K.L.:
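Got a structure for you, written out below as structure tokens; questions coming shortly.
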Amino acid sequence: MSLPCKTKARDNGVTVHTEISTVNKKKVNLIGLNREELENAISSLGYENFRAKQIWHWIYHRGVTHFEQMTTLAKTVRKELDQYFDIQRPSIIREQLSSDKTRKWLLGPPGGGEIETVFIPENDRGALCISSQVGCALSCKFCNTGTQPLVRNLTPSDIVGQMLVARDTYGEWPSSEGRNLLSNIVMMGMGEPLLNFENVKRALRIIMDPEGIAVSKRRITLSTAGYVPLMERCGEEIGVNLAVSLHAVRNDLRDEIVPLNRKFPIDELLHACRAYPGVNNSRRITFEYIMLKGINDSEADAKELCRLIRGIPSKVNLIPFNTWPGAPYECSDENQIKKFAQIINAEGYSSPVRRPRGRDIYAACGQLKSDTERKVRARN
Ligand code: SAH
């Protein structure tokens with residue numbers, strides 16, 4: 001039996017993910033619905049669109065977690081909403097705070113599985129590193145998440161929920177109050193965001209909505225291992241900054257450490273970078289380059305890197321390898337990283353070395369999840 005409608009629900013051809021049913025009493029989570037879907041959900045109870053606008057404001061601008069907090073709605077309305085909907089965030093399974101203030105959460109999103117979210121503060125601002133999938137299908141050799149199978153794509157609700165948990169933790173509600181510590185977002189957590197394109201797009205559009213969480217696209221960076229077919233659409237339809245996990249300058253090595261390279265080799269990847277919509281000197285592509293001792297860190301590698309990216313408005317982010325139990329690599333020596341950075345710098349590219357953060361709290365991608373699984377296994 002479906003819910004009796006007081007007025008006819010709008011039919012504007014938008015896919016509605018909100019089947020309201022009184023048979024299974026499961027409430028529909030409003031987090032992750034876009035504005036039109038929220039309107040449809042609300043109108044199925046007979047409410048007009050302005051109610052949806054008010055609810056959007058309460059959820060994403062004020063950050064409320066219960067309908068009873070929505071004081072601009074009549075009590076009866078709040079009660080009725082509570083019967084059919086909820087405002088559910090991921091649960092916090094584990095949380096760690098590093099001595100350098102990096103914070104890492106192991107979260108249980110409403111859709112199941114476990115994911116990691118990390119906040120990296122930088123004086124009066126900081127970046128939240130958000131996951132896009134439970135596990136990952138790409139099996140990059142240096143990545144701890146790569147040892148975990150892909151379990152599922154995260155839904156828009158699971159993705160937006162990570163931001164909400166972080167905002168709750170730092171008390172950064174309402175959205176527009178002063179400058180937020182949670183100023184930037186990097187889609188650099190577990191998973192490959194371009195292999196979950198639609199959900200990532202929907203989630204980021206909610207996060208960018210100026211009447212809600214309101215993080216500007218200029219403060220969001222999506223990192224890809226190089227899924228070429230969707231790079232152009234990423235620029236056109238989401239419009240965020242792009243980071244590319246390059247990590248090697250020869251196809252034979254990149255085939256091995258980033259196996260996705262076998263499908264989309266370096267020249268195709270760089271071609272897509274040159275064509276990335278909106279790329280220019282004030283919106284550069286970030287090339288991420290992990291420093292693996294004796295593998296990809298020679299001076300010849302640095303020179304070849306410069307040759308490859310010549311003409312692409314870009315910077316190079318050198319990432320000291322963050323080791324994990326059983327990892328097949330070591331991090332390059334500090335001196336070697338310096339030399340590498342100098343060569344790139346001399347060619348006119350900015351080449352900051354990413355400061356290792358949160359080393360005391362399993363900061364490598366996928367490490368907290370792996371560690372938690374190990375502890376559970378040891379207990380059983
Ligand atoms: N799939 C996407 C986003 C997730 S990985 C991508 O590949 O870009 C995000 C970044 O973390 C990538 O640059 C990845 O190469 C890097 N990374 C993964 N494991 C790491 C480790 N152990 N040490 C340092 N960087 C790591």
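Note that the structure is predicted; figures quoted are calculated from it, not measured. Read the numbers this way: they start at 1 and go in the same order the structure lists the ligands and their atoms.
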K.L.:
Any chance you could measure T145, atom OG1, to I115, atom CD1, to the nearest 0.5 Å?
P.N.:
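It comes to 11.5 Å.
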K.L.:
With heavy-atom distances below 4.0 Å as the criterion, list the atoms of ligand 1 near E288.
P.N.:
10 (C), 12 (C), 13 (O)
K.L.:
Is G189 close enough to touch ligand 1? Criterion: a residue heavy atom under 4.0 Å from a ligand atom.
P.N.:
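A heavy atom of G189 does come that close to ligand 1.
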K.L.:
Residue-level breakdown please: for W324 versus ligand 1, do any non-hydrogen atoms fall below 4.0 Å on the side chain, on the backbone, on both, or on neither?
P.N.:
side chain
K.L.:
Would you please determine whether H247 falls within less than 4.0 Å of ligand 1 on a heavy-atom basis?
P.N.:
yes
K.L.:
So, does S183 use its side chain to make a donor-acceptor pair with the main chain of G126 at under 3.5 Å?
P.N.:
yes
K.L.:
Testing E116, M188, Q162, M190 for side-chain contact (heavy atoms from CB on, under 4.5 Å) with I130, which one passes?
P.N.:
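The option that passes is Q162.
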K.L.:
What part of I319 sits under 4.0 Å from ligand 1 if we count only heavy atoms: the side chain, the backbone, both or neither?
P.N.:
side chain
K.L.:
Against the six-membered ring of W105, is R94 placed for a cation-pi contact (under 6.0 Å from the centre, within 45° of the normal)?
P.N.:
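The answer is no, since R94 fails at least one limit relative to W105.
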K.L.:
Closest by any non-hydrogen atom to atom 26 (C) of ligand 1: pick that one out of L222, N144, I290.
P.N.:
I290
K.L.:
Return the option from R354, M188, E192, M291 holding the heavy atom at the smallest distance from atom 5 (S) of ligand 1.
P.N.:
M188
K.L.:
Out of S245, G191, C136, who is nearest to atom 3 (C) of ligand 1 when you count heavy atoms only?
P.N.:
G191
K.L.:
Restricting to pairs with a member in residues 258-271, which pass salt bridge (charged side-chain N to carboxylate O under 4.0 Å, His left out), not counting sequence neighbours?
P.N.:
none
K.L.:
Classify the contact between V258 and ligand 1 as side chain, backbone, both or neither, using a heavy-atom distance cut-off of under 4.0 Å.
P.N.:
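It is neither part, as no heavy atom is under 4.0 Å.
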K.L.:
Taking the six-membered ring where the residue is Trp, are the ring centres of F264 and Y227 under 6.0 Å apart?
P.N.:
yes
K.L.:
Do the charged groups of R307 and E304 touch, with an N to O distance under 4.0 Å?
P.N.:
yes
